[in-house]
Structures are given as C-alpha cells and as structure tokens.
Amino acid sequence: MTPAPVAVALDTDDLAVATRWAGQVGPHVSTLKVGLELYLGHGPAVVEEIRAAGGGRIFLDLKLHDIPATVAAAARAVSGLAPHYLTVHASGGADMVKAAVAAAPETKITAVTVLTSMGEPDLAAVGLAGPALDAARRLAALAVGAGARALVCSPREVAAIRAEVGPGIDLITPGVRPRGAAADDQTRVATPREALDAGADLLVIGRPITRAEDPAAAAAGIASGLRGRD
C-alpha cells in the first residue's frame with residue numbers, strides 16, 4: 001500500500017524514542033522529519049539512524065537563515081546525508097536561497113514562508129507586512145524565483161500559494177491537526193483532509209501521532225482517512 005503523504009515530526013531529543021517512533025510510523029507515511037532538537041542533540045549520524053529505523057524520505061528541517069556564504073556551506077555540509085528536503089527561511093532573501101540551491105543540487109531546498117505559530121499580531125511585532133496570506137505569497141514567489149523546489153506554508157495559505165507558484169513545486173503544510181486534536185502551539189491550522197484538498201503535497205504531523213498511546217495506529221488511521229478522500 002502506498003504510504004500516505006505525511007511527514008511525521010520526530011520532535012524529541014531522545015534518540016531511542018525517535019527511532020522507535022520512526023519504526024512504528026514508517027510503514028504508513030512517506031516521510032520522517034528530523035528537526036533541530038534531534039539533529040543538534042545527536043549530530044549528522046542521526047539522519048541515517050532514522051532512515052534505517054523507518055525507511056522513507058528524510059525531511060531535514062534545520063531552517064537555515066544566515067548570510068548566503070554561510071548557508072551555502074551549511075547546505076553543502078548536510079547534502080551528503082541525502083535528505084529529500086532541507087529547509088531554509090525564505091525571509092533570508094533570494095541570494096541566500098540561491099546559495100543553498102547551488103550548494104545542494106540533489107536536495108529539494110524547501111523555503112519556509114511564515115511560521116504556523118505566528119498570528120497577525122506576531123507578524124506586526126517583527127515588522128513583517130501582513131496579513132499572513134500576503135506575506136506568505138510574497139515570500140513564496142521570492143523563494144521559487146530563487147530556485148526553491150518546495151515551500152512550507154500554513155494550510156490556510158496553500159491554495160493561494162499554489163495559484164501563485166503553479167504546479168511542480170512541493171507545498172508542505174505544518175499546522176495539520178486531525179479533527180478534535182489540540183492545536184498546541186500552532187495558530188493557523190487545518191485537518192489533514194482540508195490541507196490536501198486545498199492543494200498540499202505533504203502534511204507535517206507531529207504530536208497527534210507521536211504522543212498518541214499507539215503511534216502506529218494513529219499514523220495508520222490518518223493514512224486510511226486520507227486514502228478515503230479519493
């Protein structure tokens with residue numbers, strides 16, 4: 001059975017826990033997301049450990065954001081780990097995104113538009129002209145123009161961003177919560193079905209799966225629900 005278009009966020013600093021989650025959910029989902037907490041706690045070797053435990057693609061979510069030369073060096077340093085996706089912040093600018101793309105040509109450089117934890121007051125506080133939809137569209141267009149092949153955006157913006165960038169760009173949506181699940185620290189959220197119907201290619205889901213009593217069953221249930229939409 002084809003794995004569901006879900007990236008499970010392995011958000012923990014405990015390698016044993018992360019590899020257990022990877023093994024439990026791996027048969028049901030296409031992608032495993034390694035973020036800062038896990039990567040910084042255990043170093044580059046963690047990528048292969050997670051890949052071996054769960055199979056599937058690796059989404060290396062480091063959200064690089066620095067001057068172009070530094071981001072290029074960082075992207076080059078991790079390109080040997082063969083992640084399918086590597087995140088950078090679109091707000092770092094076109095030259096920074098271009099540098100990452102050139103440094104890791106075999107990896108889909110994935111530009112983060114507006115973090116799903118941020119609401120309109122947060123955007124105003126950091127001086128980013130809103131509303132969130134407009135900010136995300138501007139950043140998406142900038143990043144794709146600079147060579148990014150994937151974007152991270154809220155499910156509430158995914159339809160507008162698809163219209164902005166057209167086909168051929170992977171749209172990845174965090175802030176996805178099964179109906180009835182807590183929003184936790186996410187502000188702009190949607191259910192898995194809503195996100196896919198809006199045009200998302202990959203759904204990032206963490207705590208509703210990993211904190212479930214049975215992560216494998218939770219992942220299988222979400223996967224089954226998504227297949228039922230067709």
Side-chain angles (χ1 to χ4, degrees), residues 3 5-15 18-19 21-23 25-26 29-116 139-153 161 165-174 200-206:
V6 171
V8 176
L10 305 175
D11 292 335
T12 177
D13 61 1
D14 188 320
L15 181 56
T19 53
W21 286 343
V25 306
V29 302
S30 68
T31 309
L32 299 169
K33 187 172 85 70
V34 174
L36 281 172
E37 185 177 9
L38 190 57
Y39 188 84
L40 294 180
H42 301 280
V46 74
V47 171
E48 191 51 48
E49 294 197 45
I50 294 301
R51 182 181 281 123
R57 306 180 303 191
I58 296 294
F59 177 0
L60 190 53
D61 189 18
L62 301 184
K63 295 186 177 72
L64 302 176
H65 190 174
D66 212 308
I67 64 172
T70 298
V71 167
R76 191 174 300 112
V78 300
S79 64
L81 303 173
H84 191 78
Y85 298 106
L86 171 66
T87 52
V88 303
H89 271 293
S91 57
D95 286 347
M96 191 202 79
V97 176
K98 288 177 184 177
V101 170
E106 301 303 316
T107 295
K108 286 192 175 184
I109 296 300
T110 302
V112 178
T113 56
V114 178
L115 295 172
T116 51
L139 290 167
L142 176 149
V144 171
R149 293 192 287 155
L151 298 165
V152 177
C153 60
I161 288 178
V165 303
I169 301 297
D170 290 358
L171 300 187
I172 302 171
T173 54
D201 297 295
L202 183 67
L203 315 179
V204 178
I205 305 176

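- Taking each heavy atom of D13 and H42 in turn, the nearest pair found is O-NE2, 2.7 Å.
- For the atom pair CG (L36) and CG (L60), the distance works out to 8.5 Å, reported to the nearest 0.5 Å.
- Between the T110 side chain and the K108 main chain, a donor and an acceptor come within less than 3.5 Å of each other.
- The two residues A143 and A111 make their nearest non-hydrogen contact at CB-CB, 3.3 Å.
- Of all non-hydrogen atoms in H65 and G92, the two that sit nearest each other are NE2-CA, 3.4 Å.
- Side chains of L86 and L64 form a contact here, defined as non-hydrogen atoms less than 4.5 Å apart.
- A search for side chain to side chain contact (heavy atoms under 4.5 Å, CB included) contacts involving A94 returns L142, A146, not counting sequence neighbours.
- Of all the heavy atoms in P68 and A99, the pair that sits closest is O-CB, 3.5 Å.
- Here the CD1 atom belonging to I161 is positioned 8.5 Å from the CG atom belonging to L139, to the nearest 0.5 angstrom.
- Proximity of T31 to H84: side-chain heavy atoms (C-beta onward) are nowhere separated by under 4.5 Å.
- Exactly one of I50, T107, L81, V46 qualifies for a side chain to side chain contact (heavy atoms under 4.5 Å, CB included) with I58. That residue is I50.
- Nearest heavy atom pair, residue A72 against residue A103, reads O-CB, 3.2 Å.
- Counting only heavy atoms from C-beta outward, the side chains of R57 and L202 approach each other to under 4.5 Å.
- For the pair S79 and E106, the minimum side-chain heavy-atom distance is 4.5 Å or more.
- Annotation: side chain of L115 is in contact with side chain of K63 (closest heavy-atom distance under 4.5 Å).
- Contact record, T12 with A18: CG2-CB, 3.8 Å, taken as the closest heavy-atom pair.
- Atoms CG and CG, from L62 and L40 in turn, are 7.5 Å apart once rounded to the nearest 0.5 Å.
- The side-chain heavy atoms of D61 and Y39, taken from C-beta on, include no pair separated by under 4.5 Å.
- Side-chain contact between K33 and D11: present, with at least one pair of heavy atoms (C-beta onward) separated by less than 4.5 Å.
- In this structure, E37 CD and L10 CG are separated by 10.5 Å, a value rounded to the nearest 0.5 Å.
- Residues V71 and K98 fail the side-chain proximity criterion, which asks for heavy atoms closer than 4.5 Å.
- No donor-acceptor distance shorter than 3.5 angstrom exists from the side chain of T173 to the backbone of C153, with no hydrogens or angles considered.
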